2 protein chains.
Amino acid sequence: MRWSELETEPCPVARAMSVIGDRWTVLLLRDALRGVTRFEEFHRRLGCSRAIVSERLAHLVERSILVREPYELHPPRHDYRLTESGRALGPLLMTMSNWAETWLPGTSAYRVRRIHKTCGHAFQPVIQCSECGEPVAPGDVEHVDPRARLRTPAQKPA
Amino acid sequence: MRWSELETEPCPVARAMSVIGDRWTVLLLRDALRGVTRFEEFHRRLGCSRAIVSERLAHLVERSILVREPYELHPPRHDYRLTESGRALGPLLMTMSNWAETWLPGTSAYRVRRIHKTCGHAFQPVIQCSECGEPVAPGDVEHVDPRARLRTPAQKPA
DNA sequence: AAGGTCAGTTCAGAAAATAAACTTAAGTGA
DNA sequence: TCACTTAAGTTTATTTTCTGAACTGACCTT
């Protein structure tokens with residue numbers, strides 16, 4: 001199966017991966033969320049080839065995560081700005097960063113401090129249940145796969 | 001820059017990507033979090049080559065996201081179980097799924113229902129501030145990069 | 001006019017991914 | 001006993017993608 005074929009999968013995780021399922025894409029988004037908008041700056045921060053930066057930016061523009069807007073006409077220059085759906089990836093990146101800080105060794109030296117503007121404190125993102133408002137621990141979740149009844153081995157047709 | 005070199009980056013997002021920065025790895029984790037433990041089942045669900053499944057499972061075992069445990073001796077058979085740090089990726093996958101369901105077209109038909117066991121309701125994950133307990137909207141976060149003072153253009157030394 | 005910046009494109013070689021076949025060890029059924 | 005199936009991989013040949021480095025072109029600074 002090809003990367004591009006993931007787009008047609010019904011599972012939302014697979015579809016998310018078709019958009020952000022690439023290390024360089026995620027690092028681009030990380031920098032975009034920290035305010036980077038220019039090609040050279042993305043390239044400098046990522047340290048990968050210019051071709052990759054160019055290709056991945058185009059990919060994100062195509063998927064409406066970024067928009068490419070001119071900021072200068074002579075010579076033509078553009079910057080890459082997050083759309084609403086792009087900004088909505090902020091909590092995802094935060095959660096990812098938080099996981100790495102908690103579970104991977106060697107991240108303690110580099111802690112991006114996140115300030116919650118409305119309360120003014122440095123904070124950690126906590127996953128909360130939309131229904132009861134309590135924090136959700138990893139073991140507290142049960143998945144009900146909509147396709148499960150079609151193929152769970154436990155199921156025995158009469 | 002190579003993928004393996006990301007591991008030595010100080011940024012937690014980059015380090016997280018060195019572990020889970022691959023579409024197949026994330027899909028493996030998705031299925032592991034839904035209870036899959038066997039090679040053949042992972043392969044069947046992912047639809048990618050067996051070599052990839054084999055390599056990615058080994059990668060996750062090496063990084064202590066999964067453990068490989070024998071469940072049968074003749075012939076030797078193993079299953080792959082999530083460690084604590086692996087289970088801790090649940091909220092990340094949930095957040096990713098939720099983003100796709102909200103922002104990508106075509107995911108509405110397939111909605112994995114998540115039940116919060118402690119309250120019994122189907123729920124959406126909401127990112128909450130660890131300090132004030134309020135939900136964090138994408139625009140509510142300010143990043144303070146620990147390296148920022150070394151290179152922010154806005155900064156003017158007296 | 002030489003050098004620098006910005007935003008890319010092009011290219012050849014290296015690395016990785018792919019599908020399909022093969023392996024090993026056992027169990028199933030006729 | 002022979003053929004088929006399950007499980008968990010490995011191997012192989014081909015295709016695709018990535019990489020670093022050079023190149024382009026329009027402008028700006030000194």
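Letters A, B, ... mirror the listed sequences (proteins, then strands); counts begin at 1. Only a predicted model underlies this, so the values are computations on that prediction, with no experimental measurement involved.
Atom C1' of nucleotide C/dA16 and atom CD1 of A/Ile52 are separated by 12 Å, given to the nearest angstrom. Look at CE on A/Met17: it is 13 Å from P on C/dA17, rounded to the nearest Å. Rounded to whole Å, atom C1' of D/dG20 lies 15 Å from atom CG of A/Leu46. Atom C1' of nucleotide D/dG9 and atom CG of B/Leu28 are separated by 14 Å, given to the nearest angstrom. A straight line from NE2 of A/His59 to C1' of D/dC18 spans 16 Å, rounded to a whole angstrom. Across the protein-nucleic acid pair, B/Arg44 atom CZ and D/dG9 atom P stand 17 Å apart, rounded to whole Å. What separates CZ of B/Arg56 from P of D/dT10 is a distance of 14 Å, to the nearest Å. What separates CH2 of A/Trp24 from C1' of C/dA15 is a distance of 14 Å, to the nearest Å.
Between B/Glu131 and A/Arg114, none of the side-chain N atoms (NZ, or NE/NH1/NH2) sits under 4.0 Å from a carboxylate O, so this pair counts as no salt bridge. Looking at B/Arg45 and B/Glu40, no side-chain N of the basic residue comes within less than 4.0 Å of a carboxylate O on the acidic one, giving no salt bridge. Between B/Glu41 and B/Arg38 no salt bridge is recorded (no basic side-chain N to carboxylate O distance below 4.0 Å).
Side chain of B/Arg15 to main chain of A/Pro105: a donor-acceptor pair is present (N/O by atom type, distance under 3.5 Å, no hydrogens or angles). Judged by distance alone, with hydrogens and angles left aside, the side-chain atoms of B/Ser54 form no donor-acceptor pair with the main-chain N or O of B/Arg50 at under 3.5 Å. In this structure, B/Thr83 contributes its side chain and B/Ser64 its backbone to a donor-acceptor pair below 3.5 Å. Side-chain N or O atoms of A/Gln128 include one that pairs as donor or acceptor with a backbone N or O of A/Gly133 at under 3.5 Å. Remark: the backbone N or O of A/Asn98 is not paired with any side-chain donor or acceptor of A/Trp103 at under 3.5 angstrom.
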Output a table of nitrogen or oxygen pairs between the protein and nucleotides 28-30 of chain D separated by less than 3.5 Å.
none

Under 3.5 Å, N/O pairs linking protein and nucleotides 7-9 of chain C:
from	atom 1	to	atom 2	distance (Å)
C/dA7	OP1	A/Tyr71	OH	2.7
C/dA7	OP2	A/Glu40	N	3.3
C/dA7	N7	A/Glu40	OE2	2.7
C/dA7	N7	A/Arg50	NH2	2.8
C/dG8	OP1	A/Arg68	NH2	2.8
C/dG8	OP2	A/Tyr80	OH	2.6
C/dG8	N7	A/Arg50	NE	2.6
C/dG8	N7	A/Arg50	NH2	2.6
C/dG8	O6	A/Arg50	NE	3.0
C/dT9	OP2	A/Ser54	OG	2.8

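Summarising the geometry of A/Gly90 relative to A/Leu33, their closest heavy-atom pair is CA-CD1, 3.8 Å, with the distance given to 0.1 Å.
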